[in-house]
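So the structure is just underneath, and the comments pick up after that.
This one's a predicted model, so the numbers in the text were calculated from it and none came from an experiment. All values below were derived from every heavy atom in this structure, side-chain atoms included, with hydrogens, water molecules and symmetry-related copies excluded.
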Amino acid sequence: MQPNKLLKPSLYSEGSSNRDGTTVRLKGGRCRCGYVFFPMQTYGCERCGSYGDALTPYELSAEGTLLAEASVHLHADKNRLAPFTIVKVALDDGPVIRTLLADDSPPVTPGQRVTGRLVPTTQSESGETVLDLRFSIAS
Amino acid sequence: MARSLNELRPVYVVGIGWHRYQNPSETPYVELGLTAIRSALADARIEWPTVESSYVATALLGMASGRPMLRHLGATGAPLMHVENASASGSTAFRHACIEVASGISDVALAVGVDKRNPVRRSDTGIGNLAEDAIVPFTHFALLTNEYAVRHNASTEDIAQVAVKNHRNGAKNPNAQRQQERTLDEVLGGKRVSGSLTALQCTPIGEGAAAVIVASEDGIRRLGIDAGRAIRTTASVGRSERVYPPGAGFDAALTKETADLALAQAKLTPGDLDIIELHDAFTVEELHYIESIGLCPEGHGVRMLKEGALDIGGQCAINPSGGLIAMGHPIGPTGIGQIGEIVMQLRGEAGPRQHGGARTGLAHMVGVGAVCYVHILQK
Ligand SMILES: [Zn+2]
């Protein structure tokens with residue numbers, strides 16, 4: 001079986017597959033000062049300014065707690081049709097990220113546990129399935 | 001040793017002017033800007049050649065838009081510079097005009113903001129992101145609205161009252177883009193944008209211009225400017241975002257540290273403020289920022305709002321101009337227009353929206369990035 005194509009492979013990688021979909025590891029980074037960030041970069045640490053070898057890849061689990069959600073009713077960009085829901089998630093590993101709620105997720109409220117998964121989103125021109133990160137209520 | 005603005009020589013706002021903020025139109029920016037500058041010169045009762053330096057705030061006009069506008073006032077050869085600092089462009093231009101005069105390099109300087117609503121273009125940093133294309137400003141603030149509502153048990157109606165108040169203030173301001181009072185039902189019944197935000201709880205897209213002229217005591221004397229209408233800038237602080245604890249709202253945290261420094265610089269406490277003009281591009285921001293500035297403890301903003309404490313004539317009038325929600329937010333002009341509003345209020349010249357006995361005003365802007373600017377003006 002061919003590996004799945006990922007929409008943003010620089011930001012996440014595929015974990016194991018189960019009945020809820022494909023688990024995901026987020027490609028974060030860690031500075032030698034202890035600061036954990038997402039996504040990985042080597043320009044320099046926002047907390048202490050160290051750069052280069054001081055910053056190393058650090059995989060983050062896509063488990064976290066919902067801080068906020070917003071259903072977007074109006075969006076000018078034709079490549080992203082409203083409605084869709086944006087979630088703000090405090091990852092258990094530290095960073096706070098903002099991304100999309102899975103279309104099939106029940107409504108979410110702040111404080112709930114949520115999990116990121118890779119879900120099929122678009123078909124590329126060659127017909128292969130492209131996976132992207134979406135959050136939903138933790139099972 | 002480094003010094004703050006109020007340890008340098010005193011600097012005063014002596015002239016204010018606008019081109020009304022309005023819906024996007026065919027009017028060229030040159031006409032918008034010239035209208036504001038000529039009205040500020042007339043207000044100060046001085047001639048253009050007395051202005052020794054100009055700071056032109058624009059975020060959306062592209063490169064070098066200032067000189068094609070200023071030349072029509074008569075090309076005096078005076079220096080000019082452009083200031084781009086997102087929503088805080090105008091506030092930043094004002095700060096640097098004040099610094100130039102306070103330092104003694106000039107006696108009279110102009111800060112003018114002008115913008116047309118062109119597309120925002122930001123360069124790629126080379127760092128990827130998950131879904132930032134889906135998170136426009138109103139969704140950023142819809143997320144903050146959801147957090148605030150849950151944390152402080154505030155209802156959608158409570159938060160929307162900010163818009164009712166600011167539309168009421170804007171209805172009395174001839175320079176406001178939106179000059180119509182709105183009921184709570186109208187605010188909530190409007191077009192839904194993102195989360196609980198409706199169109200009337202969001203700043204409109206628009207254009208316009210605002211100008212202020214600042215001067216030293218030497219300049220005021222030499223040019224025969226009416227010192228009785230001059231309003232002193234007693235604090236100026238600019239800051240940028242640091243790393244805050246995970247989940248902390250950076251807009252509010254940055255506002256708190258910037259406002260604290262400005263109040264300390266002017267040797268004031270939040271209770272001394274009569275007027276605040278702040279960055280209410282979205283309703284929830286007003287609650288966040290009055291709490292960050294220290295008007296009330298966190299989560300108590302709704303109570304003050306409902307008691308009328310934030311109305312014109314209340315304990316501290318917040319956004320008597322109508323704020324970004326009603327007066328509008330053409331970007332470059334906005335921070336300068338706030339200064340103009342405070343000056344008008346402290347002079348007692350604000351007509352039907354005059355806050356009685358106003359002696360101290362604070363102007364606050366945040367800009368994406370994030371940056372924050374706070375100025376305090378005193379009679
Ligand atoms: Zn570091």
Side-chain angles (χ1 to χ4, degrees), chain A residues 7-12 26-27 29 33 35-43 45-48 62 64-77 79-101 108-111 116 132-135, chain B residues 117 119-120 124-154 156 159 188 190-202 205 240-253 282 284 288 369-370:
Chain A
L7 187 65
K8 297 183 174 177
S10 65
L11 301 181
Y12 45 70
L26 298 172
K27 295 184 175 179
C33 78
Y35 186 60
V36 176
F37 51 89
F38 176 83
M40 175 58 190
Q41 49 85 17
T42 52
Y43 287 153
C45 171
E46 190 170 4
R47 188 161 84 182
C48 76
T65 304
L66 189 84
L67 294 178
E69 59 83 24
S71 302
V72 180
H73 311 290
L74 206 68
H75 196 65
D77 183 354
N79 296 318
R80 181 86 70 185
L81 290 179
F84 53 85
T85 299
I86 298 294
V87 290
K88 180 175 175 183
V89 177
L91 297 175
D92 294 345
D93 286 331
V96 173
I97 62 168
R98 302 187 303 181
T99 190
L100 292 143
L101 184 72
V108 288
T109 52
D132 191 19
L133 179 70
R134 295 288 185 277
F135 273 81
Chain B
R117 190 45 74 97
V120 174
D124 184 9
T125 60
I127 298 174
N129 65 77
L130 290 170
E132 289 303 306
D133 67 290
I135 310 172
V136 296
F138 55 63
T139 295
H140 170 73
F141 288 104
L143 290 165
L144 290 182
T145 303
N146 179 236
E147 271 183 282
Y148 187 93
V150 170
R151 186 177 307 147
H152 302 303
N153 197 24
T156 301
I159 294 170
L188 291 171
K191 190 165 59 179
R192 293 171 79 202
V193 175
S194 187
S196 63
L197 290 175
T198 49
L200 289 174
Q201 295 184 69
C202 304
I205 287 171
S240 63
E241 186 182 340
R242 296 184 298 122
V243 175
Y244 303 109
F250 64 85
D251 313 89
F282 304 93
V284 72
H288 270 299

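When B:Ala142, B:Ala134, B:Gly247, B:Pro246 are compared by the number of non-hydrogen pairs under 4.5 Å with chain A, B:Ala134 comes out ahead. Options A:His73, A:Glu69, A:Lys8 differ in how many heavy-atom pairs under 4.5 Å they form with chain B, and the most are formed by A:His73. If you tally non-hydrogen atom pairs under 4.5 Å between each of B:Glu132, B:Arg242, B:Lys191, B:Arg151 and chain A, the highest count goes to B:Glu132. Ranked by non-hydrogen atom pairs under 4.5 Å with chain A, the options B:Val136, B:Ile135, B:Val150 are led by B:Ile135. Taking chain A as the reference chain and counting heavy-atom pairs below 4.5 Å, the highest number among B:Val193, B:Thr139, B:Thr125 is found for B:Val193.
In terms of heavy atoms, A:Pro39 sits closest to B:Gly128 at CG-O, 3.5 Å. In terms of heavy atoms, B:Asn146 sits closest to A:Pro110 at OD1-CG, 3.3 Å. Considering every non-hydrogen atom in both A:Ala70 and B:Ser194, the closest pair reads CB-OG, 4.2 Å. A pairwise comparison of heavy atoms in B:Ala131 and A:Thr99 identifies CB-OG1, 3.8 Å as the closest pair. Here the closest heavy-atom approach between residue B:Leu130 and residue A:Arg98 is recorded as CB-O, 4.0 Å. Annotation for A:Arg80 and B:Asp133: closest pair NH2-OD1, 2.8 Å, computed over non-hydrogen atoms.
For chain B, the nearby parts of A:Ile86 are the backbone and the side chain; heavy atoms of each come within less than 4.5 Å. Neither the backbone nor the side chain of B:Leu197 comes within contact range of chain A, judged by heavy atoms closer than 4.5 Å. The contact between A:Gln41 and chain B is made entirely by side chain atoms (from C-beta outward), counting heavy-atom distances below 4.5 Å. Of the atoms belonging to A:Ser10, not a single heavy atom falls under 4.5 Å from chain B. Looking at A:Leu91, there are no atoms closer than 4.5 Å to chain B (heavy atoms on both sides), in backbone or side chain.
Enclosure of atom CG in A:Asp77 by more than 12 non-hydrogen atoms of other residues, nucleotides or ligands within 6.0 angstrom is indicated. Atom CZ of B:Arg192 has 12 or fewer heavy atoms from other residues, nucleotides or ligands within 6.0 Å.
Remark: the backbone N or O of B:Ile127 is not paired with any side-chain donor or acceptor of A:Tyr43 at under 3.5 angstrom.
Note that the CG atom of A:Leu11 and the CG atom of B:Asn129 stand 7.5 Å from one another [nearest 0.5 Å].
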